[in-house]
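First up is the structure itself, then whatever we jot down about it.
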Amino acid sequence: MNSVVYFNGPVQNGDFTLAERPGKAAGIRLAEALNALLGLEPVPHLWNTVTLAGDMRHRRAAGRNTVGRRQREQEALVAKYAPGQTPGGGLRTDADHQVGCLAMEMIRGLLADGTLTVQDLPVRLCTRCGYMAGLGTAGDCRSCGHGGSQVARRPLLVFDRTAHGPLLGRDDVHATGARTPSHLFTIAHHVPPLLVLSRTRDHGVDLSPLGLDGMVLDPRAGLHVAVMAAADEFGAMRPVMTVTENAAANVAAYGAPFRRLGPMRLRYALHGKISYETAASGRLYEVHRAQAVKALFTDWYLPLCAARERAGISAARIPALLKLLRRAHLARPVAPPSDLLTDLRYRVAAGDMRWVTDARLLACALSDREDTSGPMAPTRGAP
């Protein structure tokens, strides 16, 4: 049974490829790099397919009657990767069968203990397609664009967060030695007291077994269940979800009831965005004579740095980080010293990312990454 294992926060399945927008893969690459340093097998890449944009894309598709939504999403996900680069751990989505089964198990338990309830509430529905805008929200329908709506009562799955306590706290962030993200706690505290966790979507975790026909679990909650399902499959007791601060601010409150499952506890590893436009400049690597580490820098080191520089890695910061990596790469030992490797793995497991700018530990990490003899088991207990 593993302790700390990193999983990427499910990436929204939009109209892009990872080659075109590598920033979308920052959390995936960060999780892969950290797990490799811990000597773990590859975990699946997680994707968010329960989106309104996905519903609309499928409805507009010429072959919607011959290609199902699930197949269409899967084909789109495979196309995100270059040929032959499908991840070794596979692909999982927030609409997979395993996620649905675990979600229903968790929801039934939360209904039983009163954390969640089903309440008959007034909501605004589109008069054309029935899309639920929310509790009193006005404006054109986001699903079909129609301007007409009506208020109707219908049963909804709700989470009364006033009885839950803090929705996000310091212990929910996996980051030893890092600044406390107090602004995120404030954002989570100011969400509405009553959160609706059921939504009108064409795709997702079906809530009809609860009497909520035509509704699925809110994807912000479903993202957390997807990580928990992957962690359960992997045998991880302390799953850590890599996520940007902005994404955490948007999903943390809705995922609060779904961060625990028996002894399993989900935490967040926050990371910043990366200025990949600057990092892709060929001139940058010519100036610093660093062409040999270009892929290493963009695919491995920058995501690790993003977990230390959670406000984001600016274009101005890129050259200094490249020079640091190049020096560490030239100075890397043939084999990673056991004492440094033990210290490094302890820091990685604890979420202490200060090591990425420590020349000795970075050189050790590079040596371990290239070591073909297999990872050494940590001799110091992970926290």
Side-chain angles (χ1 to χ4, degrees), residues 9-18 20-21 24 45-80 91-104 107 121 123-152 154-158 195-227 229 247 250-251 254-255 258:
V11 181
Q12 185 165 316
N13 187 18
D15 186 19
F16 65 90
T17 69
L18 295 179
E20 294 166 349
R21 297 177 66 181
K24 291 287 188 179
H45 292 184
L46 305 180
W47 289 85
N48 168 22
T49 61
V50 184
T51 64
L52 180 58
D55 289 353
M56 297 168 66
R57 188 165 54 240
H58 183 64
R59 290 176 209 154
R60 292 194 300 262
R64 63 184 178 277
N65 295 324
T66 56
V67 178
R69 173 69 180 277
R70 191 174 298 277
Q71 179 183 345
R72 190 178 305 282
E73 295 283 355
Q74 189 66 27
E75 290 173 352
L77 293 182
V78 172
K80 295 281 188 288
L91 302 175
R92 301 286 189 278
T93 81
D94 53 345
D96 282 357
H97 176 70
Q98 301 95 314
V99 177
C101 291
L102 180 59
M104 291 308 299
I107 291 170
L121 296 172
V123 291
R124 189 168 291 277
L125 305 176
C126 175
T127 54
R128 177 193 287 169
C129 71
Y131 176 77
M132 187 183 79
L135 300 177
T137 304
D140 292 346
C141 176
R142 292 177 55 219
S143 181
C144 72
H146 185 58
S149 63
Q150 63 181 356
V151 175
R154 67 178 300 175
L156 302 170
L157 180 67
V158 298
L195 299 180
V196 177
L197 299 185
S198 49
R199 298 290 170 185
T200 47
R201 291 281 194 278
D202 298 341
H203 190 63
V205 176
D206 181 18
L207 297 180
S208 60
L210 303 177
L212 303 175
D213 294 340
M215 308 198 83
V216 303
L217 181 64
D218 187 295
R220 289 166 290 190
L223 299 179
H224 292 77
V225 182
V227 176
N250 289 328
V251 306
Y254 289 82
F258 299 94

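Note that this is a predicted model, so its numbers are computed, not measured.
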So which of Asp96, Leu217, Ile107 actually passes side-chain contact (heavy atoms from CB on, under 4.5 Å) with Val225? Leu217
Sorted by chain and number, sequence neighbours left out, salt bridge (charged side-chain N to carboxylate O under 4.0 Å, His left out) with Arg69 holds for Asp55, Glu73
By salt bridge (charged side-chain N to carboxylate O under 4.0 Å, His left out), Asp202 pairs with (sequence neighbours left out) Arg59
Between Val205 and Asp94, the two heavy atoms sitting closest are CG2-O, 3.9 Å
Heavy atoms only: give me the nearest Arg220-Val251 pair and the separation to one decimal. CG-CG1, 3.9 Å
Once side chain to side chain contact (heavy atoms under 4.5 Å, CB included) is applied, do any residues pair with Asp206, and if so which ones, sequence neighbours excluded? Ser208, Pro209
Can you tell if the side chain of Leu210 reaches within under 4.5 Å of the side chain of Met104, non-hydrogen atoms only? yes
Does [Y] offer a backbone N or O that forms a donor-acceptor pair with the side chain of [X] under 3.5 Å?
X: Arg70; Y: Ala95; value: yes
X: Lys80; Y: Gly14; value: yes
X: Ser149; Y: Arg124; value: no
X: Ser198; Y: Met215; value: no

For the atom pair CG (Leu195) and CG (Leu156), what is the distance rounded to the nearest 0.5 Å? 12.0 Å
